[in-house]
Amino acid sequence: MKASVYIASSVDGFIATPTGDVSFLEELQPPNPDEGDLGFAKFLASVDVLIMGRKSFEKVVSFGRELWAYGDTRVVVWSRGKVDIPEHLQTTVSYSSLCPKDIIAQLEQEGCTHAYVDGGTTIQRFLEEGLIDELKLTRVPVLLGAGIPLFSNAGNKFALQHLETKAYSNGMVTTSYRVLNNETARETARDERTD
Ligand SMILES: NC(=O)c1ccc[n+]([C@@H]2O[C@H](COP(=O)([O-])OP(=O)(O)OC[C@H]3O[C@@H](n4cnc5c(N)ncnc54)[C@H](OP(=O)(O)O)[C@@H]3O)[C@@H](O)[C@H]2O)c1
C-alpha cells in the first residue's frame, strides 16, 4: 500500500505555532492562488484512508462541522487512548493505537491501496519506519521562528527523488518528492549499477 503526506509548512519548517495555531495558512494575500486548492481535492480523491494524529484530528474538529475537509473519506485517528468522535463523523472516523507498521498492514488487509498520513508527530513516526512513499509539501512564505516541526531530528536519512514543483502567485511553493527509503535506495543503486 502506498502512503503519502500532503502538508503545508512555514519556510522554516513548522506546521503550526507552538500552541498549535495554523492561521498562518490563511493569512496570505492573495488568499487563493492560481489553482484554488493546491490540488487537494485531486489528492484526496486518490486516497482511500487518512491516518491522522489525535492532536490534528482535535484541531480540525474544533474548526466546526462545515470546515471538515475530508468528506466521506475513511479516517483512522492515531492515539494511545480513547478518542472522542463527534456523532456526525462516527460512520467514517475510527481510532487505532497500533504501531505504524501494523496500522498499514491492517488497512492493506482490508483492501486499502493509498493512505494519507497527517499530523507532525504522526508523519515523523511513519517516515522514520520507512512507511511514507511520497511527500507533497507546500512551503508558505513565512518564517514562524518556532512551532511544531514537520520533520524530526531522529537521524534517519532518506534520499528524495524530486517529482514536481509548482509556484503559486501568492508565494506558496508546492514540491512533490518520492521517498527512497533504505530498501528502495538499495534497489535503485543496484539498478543503476546494472544499467
Ligand atoms: N500545516 C498543516 O498543513 C498541518 C497539517 C496537519 C496538522 N497540523 C497541525 O499540527 C498540529 C498537530 O501535530 P502534532 O505533531 O502536535 O500531533 P499529531 O501528529 O497530530 O498527533 C500526535 C498524537 O498521535 C498519537 N500518537 C503518537 N505516537 C503514538 C503511538 N506510538 N501510538 C499511538 N498513538 C500515537 C498521540 O495521541 P494521544 O496523545 O491521544 O495518545 C499523539 O498525541 C496541530 O496544531 C495541527 O493543526 C498542521
Side-chain angles (χ1 to χ4, degrees), residues 3-28 31-33 35-44 47 49-65 67-70 73 75-86 89 93-107 115-132 134-154 156 166 168 170-177:
S4 301
V5 166
Y6 177 108
I7 198 160
S9 75
S10 62
V11 169
D12 50 353
F14 299 110
I15 60 168
T17 68
T19 59
D21 181 53
V22 287
S23 51
F24 73 99
L25 297 173
E26 310 294 332
E27 285 164 357
L28 287 185
N32 292 315
E35 273 182 25
D37 72 345
L38 306 171
F40 182 71
K42 190 172 166 205
F43 171 75
L44 190 66
V47 308
V49 64
L50 163 53
I51 301 165
M52 181 183 271
R54 192 264 307 162
K55 291 185 181 173
S56 295
F57 176 69
E58 288 185 352
K59 178 58 99 176
V60 289
V61 164
S62 78
F63 296 153
R65 187 173 177 166
L67 290 181
W68 179 255
Y70 314 105
T73 304
V75 176
V76 177
V77 182
W78 198 40
S79 171
R80 296 184 187 85
K82 183 178 178 306
V83 177
D84 285 330
I85 300 167
L89 294 175
V93 180
S94 60
Y95 58 91
S96 174
S97 61
L98 291 177
C99 70
K101 277 195 175 70
D102 289 348
I103 293 188
I104 294 285
Q106 187 180 62
L107 291 170
Y116 166 15
V117 179
D118 200 25
T121 304
T122 305
I123 291 169
Q124 291 168 19
R125 296 292 99 81
F126 278 68
L127 188 58
E128 284 157 17
E129 296 202 20
L131 296 169
I132 300 294
E134 279 191 22
L135 300 170
K136 197 174 177 71
L137 309 178
T138 296
R139 295 284 171 186
V140 180
V142 63
L143 296 170
L144 289 180
I148 297 173
L150 172 53
F151 296 117
S152 70
N153 58 0
N156 300 35
K166 194 154 184 182
Y168 295 91
N170 65 357
M172 284 186 171
V173 179
T174 300
T175 303
S176 304
Y177 297 99

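Each ligand, and each atom within it, is numbered from 1 in the order the structure gives.
- In terms of protein heavy-atom proximity, atom 19 (O) of ligand 1 is nearest to Thr122 OG1, 2.7 Å.
- By the 3.5 Å distance cut-off applied to N or O atoms, Asp21 is not counted among the residues near ligand 1.
- Taking the six-membered ring where the residue is Trp, Trp68 and Tyr70 present perpendicular rings, their angle passing 60° and hence far from 30°.
- Remark: atom 42 (C) of ligand 1 lies closer than 4.0 Å to no protein heavy atom.
- Residue-ligand proximity: Ser9 is placed with every non-hydrogen atom at 4.0 Å or more from ligand 1.
- Here the CD1-CZ distance, from Ile51 to Phe57, works out to 14.5 Å after rounding to the nearest 0.5 Å.
- When heavy-atom distances to ligand 1 are checked against a 4.0 Å cut-off, Leu25 comes that close only through its side chain, counted from C-beta outward.
- Protein heavy atom in closest approach to atom 17 (O) of ligand 1: Lys55 CB, 3.5 Å.
- Those atoms of ligand 1 with a heavy atom of Gly53 less than 4.0 angstrom away are 18 (P), 19 (O), 20 (O), 21 (O).
- At the top of the distance list for atom 13 (O) of ligand 1, counting protein heavy atoms only, stands Gly120 N, 3.4 Å.
- For ligand 1, the polar-atom distance check against Ile7 finds no nitrogen or oxygen pair separated by under 3.5 Å.
- At the shortest separation from atom 10 (O) of ligand 1 among protein heavy atoms lies Ile15 CD1, 3.3 Å.
- With a 4.0 Å heavy-atom cut-off, ligand 1 is reached by the side chain of Ala16 but not by its N, CA, C or O.
- Residue contacts with ligand 1, taken as heavy atom pairs separated by less than 4.0 Å, involve Ile148 solely via side-chain atoms from C-beta onward.
- A donor-acceptor pair shorter than 3.5 Å can be found between the side chains of Asp12 and Ser10.
- The minimum heavy-atom distance linking Gly13 with Arg139 is given by the pair CA-NH1, 3.6 Å.
- Considering both main-chain and side-chain atoms, Asp118 never comes within under 3.5 Å of ligand 1 through any nitrogen or oxygen pair.
- By the 4.0 Å N-to-carboxylate-O rule, Glu129 lies too far from Arg125 to be salt-bridged with it.
- The protein heavy atom nearest to atom 20 (O) of ligand 1 is Ser56 OG, 2.6 Å.
- For the pair Trp78 and Val117, the minimum side-chain heavy-atom distance is 4.5 Å or more.
- Pro149 has its side chain within reach of Gln124: a pair of non-hydrogen atoms, C-beta onward, lies under 4.5 Å apart.
- When side chains are defined from C-beta on, Thr73 does not count as touching Tyr116, because their heavy atoms never get closer than 4.5 Å.
- Contact annotation: the side chain of Leu131 approaches that of Lys101 to within less than 4.5 Å [non-hydrogen atoms, C-beta and beyond].
- For atom 26 (N) of ligand 1, the closest non-hydrogen atom of the protein is Trp78 CE3, 3.6 Å.
- Short contacts between ligand 1 and Val22, defined as distances under 4.0 Å to a heavy atom of the residue, involve ligand atoms 47 (O), 48 (C).
- Considering all non-hydrogen atoms of both residues, Ile148 and Gly20 come closest at CD1-CA, 4.1 Å.
- Side-chain atoms of Pro86 and Val61, non-hydrogen and from C-beta on, do get closer than 4.5 Å to each other.
- Counting heavy atoms under 4.0 Å from ligand 1, residue Thr121 touches it through both backbone and side chain.
- For the pair Gly20 and ligand 1, the shortest N or O to N or O distance falls below 3.5 Å.
- No donor-acceptor pair under 3.5 Å is formed between the side chain of Glu134 and the backbone N or O of Ala3.
- Side-chain contact between Leu127 and Asn156 is absent, with no heavy atoms from C-beta onward closer than 4.5 Å.
- Distances from atom 47 (O) of ligand 1 to the heavy atoms of Gln124, Lys59, Arg80 put Lys59 nearest.
- Looking at Ala8 next to ligand 1, an N or O pair under 3.5 Å apart turns up.
- Numbered from 1 in the order shown, with element, the atoms of ligand 1 that lie under 4.0 Å from a heavy atom of Arg54 read 21 (O), 23 (C), 24 (O), 37 (O), 38 (P), 39 (O), 40 (O), 43 (O).
- At the top of the distance list for atom 40 (O) of ligand 1, counting protein heavy atoms only, stands Ser79 OG, 2.6 Å.
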